[in-house]
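Here is the structure we will look at.
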Amino acid sequence: MKIKRQRLSGSGMVFLVFSVGLLVFFCTFGLQMIRVFSEGKKPYQSVVSLEGLEWGEEFVAELKKIPGLHSLAPAVEIPVRLRAEDYTMDAVWTGVELEGLEMQVSRSREVPLGSTPVLLLGEGSLAAMTDRNGHGASEEKQKEFLERYGEMDWQYCLTGEGEEEENWKPCLVAATLASPADGIYMAYGQAETLAGTKETDRFLLTVRGKGNYERALGYFQCH
């Protein structure tokens, strides 16, 4: 059986090119709209200070004006010095309700909560580590610490106001985080006990949508 081939006329060829171009346009436009929609729904977080702000009806009314606001949960920040092997660094531990932390866990293990602080290390949180000679930890060394987090001897001492001498105590690492990568986090209850106070002016802000988040940050930073 012979198949008769037909050649496209000039107008047919133009229509075909136009159709393909239109299809590519709508595919590209659709992908962009999906990305924009996703970013509009994506939650963004950071710890903000309420210093200078008074919690009351007026403040709550202002919060309600923030588009995309999901939550404003208490947080505790604890200045510490962290030690592992011959390396140390000054850091801030952030205590939050872990269920409300938008995180991507890269490694984890089960560690019971007790009197010993249990930490979640961001994968970029060890960049300030230095050895006894003041040399910074290489990326390879930082990676080694993260990979061996469960078997290493982690220690800490408080460095906040009133802490005059180093009093090293043990701490544990339960997980490493791909996101948020720069911080060191712990359960809010443990942080509150360690800080010795139930008062805080720090809160974990969660806002959906990048633009909404940036506007919300601007509100807290201008006060």
Q.
side-chain contact (heavy atoms from CB on, under 4.5 Å) for Arg208 and Lys42? Distances and angles first, verdict last.
A. CA-CA 5 Å; Arg208 297 192 181 280; Lys42 180 181 177 181; over 6 Å; no

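- In this structure, CD1 on Ile78 lies 10.0 Å from CD on Glu192, to the nearest 0.5 angstrom.
- Cluster annotation: Leu126 and Met152 are assigned to the same hydrophobic cluster (Ile/Leu/Val/Met/Phe/Trp/Tyr, side-chain heavy-atom contacts under 4.5 Å, transitive).
- Among all heavy-atom pairs drawn from Cys157 and Glu166, the shortest one is SG-CG, 4.0 Å.
- Annotation: the span from Thr176 atom OG1 to Ile184 atom CD1 amounts to 12.0 Å, rounded to 0.5 Å.
- Sorted by first and then second residue, the pairs that involve residues 88-98 and meet side chain to side chain donor-acceptor pair (under 3.5 Å), not counting sequence neighbours, are Arg81-Asp90.
- Atom-to-atom distance recorded for Leu82:CG and Cys171:SG is 5.5 Å, nearest 0.5 angstrom.
- Within the structure, every pair that satisfies the ring-ring contact (aromatic ring centres under 6.0 Å, His included) test and touches residues 183-209, not counting sequence neighbours, is listed here: Trp55-Phe203.
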Assess whether side-chain contact (heavy atoms from CB on, under 4.5 Å) is satisfied between Leu98 and Leu120, documenting all intermediate values. CA-CA 10 Å; Leu98 298 180; Leu120 309 179; 3.8 Å; yes

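- Hydrophobic clustering keeps Val60 apart from Leu204 (ILVMFWY residues linked when any side-chain heavy atoms are closer than 4.5 Å, directly or through intermediates).
- Not counting sequence neighbours, the partners of Glu144 by the salt bridge (Lys or Arg N to Asp or Glu O under 4.0 Å) test are Lys141, Arg148.
- A continuous path of ILVMFWY side-chain contacts below 4.5 Å connects Val96 to Val105, so both sit in one hydrophobic cluster.
- No donor-acceptor pair under 3.5 Å is formed between the side chain of Gln190 and the backbone N or O of Leu113.
- Residue Leu50 is grouped with residue Leu63 when hydrophobic side chains (ILVMFWY) are merged at heavy-atom distances under 4.5 angstrom, including chains of intermediate members.
- Shown here are the side chain to side chain donor-acceptor pair (under 3.5 Å) partners of Asp131, two or more places apart in sequence or in another chain: there are none.
- Arg107 is linked by a salt bridge (Lys or Arg N to Asp or Glu O under 4.0 Å) to Glu123, counting only residues two or more places apart in sequence or in another chain.
- Closest non-hydrogen pair, Gly95 versus Ala191, comes out as CA-CB, 3.6 Å.
- Other residues, nucleotides and ligands place no more than 12 heavy atoms under 6.0 Å from the CD atom of Glu140.
- A 4.5 Å side-chain heavy-atom check between Glu77 and Val47 finds at least one atom pair inside the cut-off.
- The stretch residues 112-149 participates, sequence neighbours left out, in these ring-ring contact (aromatic ring centres under 6.0 Å, His included) pairs: Tyr87-Phe145.
- Qualifying side chain to side chain contact (heavy atoms under 4.5 Å, CB included) partners for Leu217, counting only residues two or more places apart in sequence or in other chains: Ser46, Val48, Leu205, Tyr213, Gln221.
- Every salt bridge (Lys or Arg N to Asp or Glu O under 4.0 Å) that Arg132 has, sequence neighbours left out, goes to Asp86.
- Val80 and Thr159 get closest at one heavy-atom pair: N-OG1, 3.4 Å.
- Pro180 is listed as a side-chain neighbour of Met103, based on a closest heavy-atom distance under 4.5 Å.
- Rounding to the nearest 0.5 Å places CG of Leu158 at 8.0 Å from CG of Asn167.
- Applying the ring-ring contact (aromatic ring centres under 6.0 Å, His included) test to every pair with at least one member in residues 100-128, sequence neighbours left out, gives no pairs at all.
- In this structure, Glu214 CD and Tyr44 OH are separated by 8.5 Å, a value rounded to the nearest 0.5 Å.
- The heavy-atom pair separating Ala178 from Ser106 by the smallest distance is N-OG, 3.9 Å.
- Closest non-hydrogen pair, Gln142 versus Ala137, comes out as NE2-O, 3.0 Å.
- Judged as a side chain to side chain donor-acceptor pair (under 3.5 Å), and not counting sequence neighbours, the contacts of Gln155 are Arg83.
- By the side chain to side chain donor-acceptor pair (under 3.5 Å) test, Ser108 pairs with no residue at all, sequence neighbours left out.
- In plain terms, the two heavy atoms of Gln45 and Leu101 that are nearest each other are OE1-CD1, 3.6 Å.
- Here OG1 of Thr193 is found 8.5 Å from CE of Met186. Values are rounded to the nearest 0.5 Å.
- For the pair Phe220 and Ser49, the minimum side-chain heavy-atom distance is 4.5 Å or more.
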Validation: residues 65-75 side-chain donor-acceptor distances under 3.5 Å, sequence neighbours left out:
| residue | atom | partner | partner atom | Å |
| --- | --- | --- | --- | --- |
| Lys65 | NZ | Glu62 | OE2 | 3.2 |
| Ser71 | OG | Thr206 | OG1 | 3.4 |

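- When hydrophobic clusters are built by joining Ile, Leu, Val, Met, Phe, Trp and Tyr residues whose side-chain heavy atoms come closer than 4.5 Å, directly or via intermediates, Tyr156 is grouped together with Val173.
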